[in-house]
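Counting starts at 1 for both ligands and their atoms, in listed order.
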Amino acid sequence: MKSKMELMFRPLLFHLLLYCATQTSGVIIQTVPPSNSEGIIETQLDKTVSLVCQPDGSHEADEELLWLRNGAAVRLTEENKMGRSSVCVTPVLYEDNGATFTCRLRKNATAMASVTLNVSYPPQLSGSEEVSVEEQSMLVLLCDIWANPSVSSVSWSLNGSAVDLLAGGFSVTNDGFTSTLTADRVEESLHEGTYQCTAVSPIYGTHSRQFIVTLTEKTLKIPLMPFVAGLVVVFFTALLAFASRWSRIRKWCK
Ligand SMILES: *[C@@H]1O[C@H](CO)[C@@H](O)[C@H](O)[C@H]1NC(C)=O
Ligand SMILES: *[C@@H]1O[C@H](CO)[C@@H](O)[C@H](O)[C@H]1NC(C)=O
Ligand SMILES: *[C@@H]1O[C@H](CO)[C@@H](O)[C@H](O)[C@H]1NC(C)=O
């Protein structure tokens, strides 16, 4: 009987403790849109998030409040400090993803509460770009696939069908931010055409960007380095000539 009572009371006790823990944090933050139980606010690029902080019942109602964004103080006007303080994040930017906003009492750092923004955004892929590349040189195409949540897949096509990595000597790399398609030595028959990179986002659907690649004839490269070196020599010769004349001029003046 006793053990049964314990079993019944344990969850209740746990909930009471949890209740007390959240109640005695000292301040409460109310947000639009509302945060989830972990203090995360789901939002999107260009939206507005508003945060309002107040001391909870355990403190004086007119205490001075502070806001921190990722640990750095947020500048507040005088009227926005005592008893109630609000912060508006508008428009929401990429940099706000993962940003933690903390409100606390100025006099008591343990009286604090935090919320964190989770900013979702699609990959920035659209439009079309013309790329011209010299025969026998390297082709590099870049696609910005950075998104939240991360894209679930990225693919490259040439003239509408999947890029044949082996036949074209292509390689594809993906570091989570950029997907890069490269071909070392381009040939007209293999590499000219319309490329497209396509990224699929679990919430925003398909995004893609086109590259219209044309090859140009190989031109003779003018060696630039000896030319520059020649210029430098001319410059220093002139400087030396001037310097020696200058010392002579100075001597005359004495
Ligand atoms: C600071 O705030 C915490 C949380 O509300 C509270 O438990 C503590 O007693 C306060 N300390 C002082 C010195 O007021
Ligand atoms: C942020 O939001 C995305 C998309 O809604 C979700 O997949 C991800 O788990 C969230 N991250 C956190 C830390 O809540
Ligand atoms: C892609 O299509 C263009 C235009 O039809 C064509 O000139 C080019 O050779 C094609 N590229 C490949 C690799 O088949």
Region of E42 that comes within reach of ligand 2 [heavy atoms, distance under 4.0 Å]: side chain

Polar atom proximity, N148 to ligand 2 (N or O, under 3.5 Å): no

Geometric N/O contact S120 with ligand 2, under 3.5 angstrom: no

Atom indices of ligand 1, in the order listed, that fall short of 4.0 Å to a heavy atom of [X]:
X    : answer
G26  : 5 (O)
T110 : 1 (C), 2 (O), 3 (C)
N108 : 1 (C), 2 (O), 3 (C), 8 (C), 10 (C), 11 (N), 12 (C), 14 (O)

Do you see a donor-acceptor pair shorter than 3.5 Å between the side chains of [X] and [Y]?
X    : Y    : value
T216 : S132 : no
W67  : S85  : yes
S114 : T100 : no
E42  : N118 : yes

Per-atom contacts, ligand 2 versus I40 - under 4.0 Å to a heavy atom: 14 (O)

Numbered atoms and elements of ligand 2 in range of P149, under 4.0 angstrom, heavy atoms: 4 (C), 7 (O)

Backbone N or O of [Y] within a donor-acceptor pair of the [X] side chain at under 3.5 Å?
X   : Y   : answer
R75 : T77 : no
D56 : G26 : yes
N80 : S86 : yes
T31 : S35 : yes

Min heavy-atom dist H59 to ligand 1 below 4.0 Å: yes

Side-chain heavy atoms of P149 within contact of P202, under 4.5 Å: yes

Which pairs of N or O atoms, one from ligand 3 and one from the protein, are separated by less than 3.5 Å, and what is the distance for each pair?
| from | atom 1 | to | atom 2 | distance (Å) |
| --- | --- | --- | --- | --- |
| ligand 3 | 2 (O) | N159 | OD1 | 3.2 |
| ligand 3 | 2 (O) | N159 | ND2 | 2.4 |
| ligand 3 | 11 (N) | N159 | ND2 | 2.8 |
| ligand 3 | 11 (N) | E192 | O | 2.8 |

Atom of V172, atom of S179 and distance for their closest heavy-atom approach: CG1-OG, 3.9 Å

